[in-house]
Amino acid sequence: MTASAEKIVIIGAGIAGLATALRLGHAGYDVTVVDMHAAPGGKMRAIPSAAGPVDAGPTVLTMRHVFETLFADVGADLADHVTLTPLETLARHYWDDGTQLDLMADAQASLANVRDAFGAVAAAEFASFSARAKRLFDAFDAPMMRTAMPDQIAVARKVLAQPRLIADMAPHRTLAGLLKSSFSDPRLAQLFGRYATYVGGSPYKSPAILSLIWQAEAQGVWTVAGGMQQLAQAIAALAERHGVQFHYDTRALRITRQGGQISGVETTKGHFPAATVVFNGDPRALATGLLGPAIAGAVPVTGTEPRSLSAYVHAFAAVPHGVELAHHTVFFGHDPKAEFSALARNDMPRDASLYLCAQDHGTAAPDAMQRFEIIMNAAPVLRDPEQEKAQCQTQIFARFRQFGLTFSPTPGPDSLTTPQGFADLFPASLGSLYGRSPHGMMAAFKRPTVRTTMPGLYLAGGGVHPGAGVPMATLCGQHAAAAILNDLASRSTSRPVAMRGGT
């Protein structure tokens with residue numbers, strides 16, 4: 001059977017679905033992507049504003065090599081499809097005692113900034129912490145992130161070969177516990193504790209090994225000209241050139257089976273036949289039977305529970321006043337314990353850190369309308385969205401005023417997406433943005449992998465190994481495509497007569 005005779009349907013045009021589709025299309029398969037939204041990107045979404053489309057999800061690229069590999073593997077060059085600009089200032093940080101710290105792309109500049117803000121002891125601690133993060137990242141990149149199925153034995157061998165990793169991992173310690181012993185100044189512990197939220201966790205419950213996330217950012221951060229949606233559009237366009245068909249505004253209703261085998265996807269626009277289906281959505285949708293009760297057993301509930309954090313996300317255009325911003329600016333709350341204790345109680349935090357992305361930083365005139373995204377952590381709890389929007393909007397901008405930052409005009413509640421809004425956008429997610437919670441030492445081994453227990457049904461996305469974030473989801477797409485290509489090749493070899501001429 002030729003590759004083009006095998007029909008594959010991918011549910012969801014998020015970054016993992018796009019990466020899977022592009023690789024399978026390049027391999028010559030008949031690939032169809034259906035998505036309930038009007039454009040590709042999934043959580044990498046943009047919404048209109050008075051200054052143009054504004055990112056309302058991820059705002060930058062890290063681990064650029066992952067995307068360069070994706071394009072190179074299909075004979076293309078990333079630089080020919082999107083314009084990337086490296087950030088010199090990775091992130092600017094403000095505390096309400098007046099302290100400011102810029103972390104830079106240049107490691108020595110970051111070290112100097114830490115020394116200037118916190119002193120020589122803090123600088124030495126920062127250097128030691130950064131070296132630890134790099135050792136962990138380098139050690140676990142291959143046996144965890146770059147493999148389709150994390151292997152505890154392979155990880156154990158890696159650790160035994162490099163005994164220092166045991167101390168670096170700080171097993172049985174939380175990230176907050178590691179940071180408390182790593183930094184004598186609690187403000188630096190607060191700063192790096194925030195990295196647990198990158199994958200939807202609390203530093204007080206996430207494992208210490210998540211300290212390696214700092215290395216992923218320290219390697220470099222890039223903006224995408226026109227916003228992150230441009231990356232999604234570029235991958236979709238390239239996939240179309242390889243024959244992939246996209247059907248937007250098309251909601252998947254049920255994954256169908258016939259004779260015990262996957263037979264396609266029933267959608268709001270008809271049935272798409274296929275013997276191979278990739279689900280690029282929250283795995284909880286399958287586990288709870290949203291795509292049909294016969295599919296529910298394909299994903300264990302333990303792979304989807306407990307849930308990770310959600311967020312309140314403002315996306316708007318305004319003129320900023322009063323504070324010098326970077327592309328990424330973080331305004332810290334008084335007490336991180338108060339924020340994460342509230343989240344653990346499923347309450348809206350009253351003392352939260354706020355992340356602000358100034359999408360037009362460095363390109364807009366001082367008095368011009370600029371595009372902004374604000375993110376505040378939230379529990380994945382669904383409440384009355386109108387009441388929650390008003391309360392959250394008032395709290396966020398009052399907090400900014402305490403730092404001396406105002407916006408003209410002040411955005412209204414209509415620019416805010418709540419956990420309920422994310423639940424509506426991403427079915428069965430409960431508003432959780434990162435799938436299963438990263439809490440617990442073994443959490444990374446409990447996520448679903450790209451192969452399900454049902455032949456012909458595969459997973460891709462941030463809720464699947466290797467986890468949340470644009471680079472990780474893109475790697476997941478690579479793993480999914482490789483698994484499918486391997487399985488189809490094996491099936492063709494083992495059943496040549498049955499497969500010949502089939503569709």
Side-chain angles (χ1 to χ4, degrees), residues 10 12-27 40-44 57-58 60-74 76 78 82 84 136-151 154-155 158 195 198-200 209-210 212-217 219-222 224 228 231-232 234-236 238-239 278-283 303 308 433-436 438 443-452 458-487:
I10 298 174
I15 188 65
L18 293 172
T20 307
L22 176 56
R23 291 178 182 277
L24 294 175
H26 177 259
K43 295 184 178 73
M44 206 160 62
V60 290
L61 280 187
T62 58
M63 299 177 66
R64 175 175 174 161
H65 61 275
V66 170
F67 307 94
E68 291 177 330
T69 298
L70 170 63
F71 279 76
D73 284 351
V74 299
L78 175 66
V82 292
L84 302 181
L136 287 171
F137 187 95
D138 291 345
F140 295 107
D141 185 21
M144 286 294 292
M145 291 177 274
R146 294 186 180 276
T147 182
M149 181 174 293
D151 186 338
V155 170
K158 187 78 173 182
Y195 282 67
Y198 283 24
V199 291
I209 197 171
L210 290 189
L212 62 77
I213 295 174
W214 161 235
Q215 174 60 20
E217 190 166 280
Q219 288 177 339
V221 176
W222 287 263
V224 181
M228 291 291 286
L231 177 64
I235 298 173
L238 189 56
V278 182
F279 183 69
N280 173 214
D282 195 306
S308 64
L433 292 176
Y434 311 89
R436 192 189 191 280
F445 296 97
K446 294 181 180 179
R447 290 191 198 97
T449 57
V450 295
R451 282 191 175 92
T452 71
Y458 301 82
L459 304 177
V464 182
H465 174 79
V470 178
M472 295 298 101
T474 304
L475 281 174
C476 185
Q478 178 179 343
H479 298 330
I484 292 166
L485 293 173
N486 181 74
D487 292 350

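Quick note: numbers below take in every heavy atom, side chains included, and nothing from hydrogens, waters or symmetry partners.
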Next on the checklist: If you compare all heavy atoms of A483 against all heavy atoms of V450, which two are closest, and at what distance to 0.1 Å?
Outcome noted: CB-CG2, 4.1 Å

Checklist entry - Going by the salt bridge (charged side-chain N to carboxylate O under 4.0 Å, His left out) test, which pairs reach into residues 62-71, not counting sequence neighbours? => result R64-E68

Checklist outcome for this item: Heavy-atom nearest pair, A27 first then L485, reads CB-CD2, 3.8 Å

Item to check | Results of side-chain contact (heavy atoms from CB on, under 4.5 Å) for P283 - residues two or more places apart only | outcome: V299, T304, P448, V464

Next on the checklist: Applying side-chain hydrogen bond (donor to acceptor under 3.5 Å, both in side chains) as the test, list every pair that has at least one member in residues 137-149; sequence neighbours left out.
Outcome noted: H65-R146, K134-D138, D141-R146

Item to check | Closest approach of L61 to M228 (non-hydrogen atoms, all atoms of both residues) | outcome: CD2-CE, 3.8 Å

Next on the checklist: The criterion is ring-ring contact (aromatic ring centres under 6.0 Å, His included); which residues satisfy it with F137, sequence neighbours excluded?
Outcome noted: none

Checklist outcome for this item: Here the gap from K446 atom NZ to H465 atom NE2, rounded to the nearest 0.5 Å, amounts to 16.0 Å

Checklist outcome for this item: Value for CG (L210) from CG (L136), rounded to nearest 0.5 Å, stands at 10.0 Å

Item to check | Within-4.5 Å side-chain heavy-atom neighbours: F279 and I10 | outcome: no

Next on the checklist: Measuring only between side-chain heavy atoms, which start at C-beta, is I235 closer than 4.5 Å to F71?
Outcome noted: yes

Item to check | For R23, all residues meeting salt bridge (charged side-chain N to carboxylate O under 4.0 Å, His left out), sequence neighbours excluded | outcome: D73

Checklist entry - Passes side chain to side chain contact (heavy atoms under 4.5 Å, CB included), L78 versus L84? Steps please. => result CA-CA 9 Å; L78 175 66; L84 302 181; 3.7 Å; yes

Checklist entry - For Y198, which residues count as a ring-ring contact (aromatic ring centres under 6.0 Å, His included) partner, sequence neighbours excluded? => result Y195

Item to check | Separation of T20 OG1 from Y458 OH (nearest 0.5 Å) | outcome: 12.0 Å

Item to check | Taking every non-hydrogen atom, the tightest pair across L459 and A480 | outcome: O-CB, 3.8 Å

Checklist entry - H479 side chain to R451 main-chain N or O, any donor-acceptor pair under 3.5 Å? => result no

Item to check | Pairing residues for A444 by the side-chain contact (heavy atoms from CB on, under 4.5 Å) criterion, not counting sequence neighbours | outcome: M144, R447

Checklist entry - Which heavy atom in A460 sits nearest to a heavy atom in V278, and how many Å separate them? => result CB-CG1, 4.0 Å

Next on the checklist: Can you list everything that forms a side-chain contact (heavy atoms from CB on, under 4.5 Å) with A13? Sequence neighbours excluded, please.
Outcome noted: L18, V33, D35, P40, Y248

Item to check | Exercise: identify the closest heavy-atom pair between V224 and L231 | outcome: CG1-N, 4.3 Å

Item to check | With Y434 via side-chain contact (heavy atoms from CB on, under 4.5 Å) - residues at least two apart | outcome: S308, A468

What donor-acceptor contacts under 3.5 angstrom involve side-chain atoms of residues 469-478, with partners at least two apart or in another chain?
from : atom 1 : to   : atom 2 : distance (Å)
T474 : OG1    : V470 : O      : 2.7

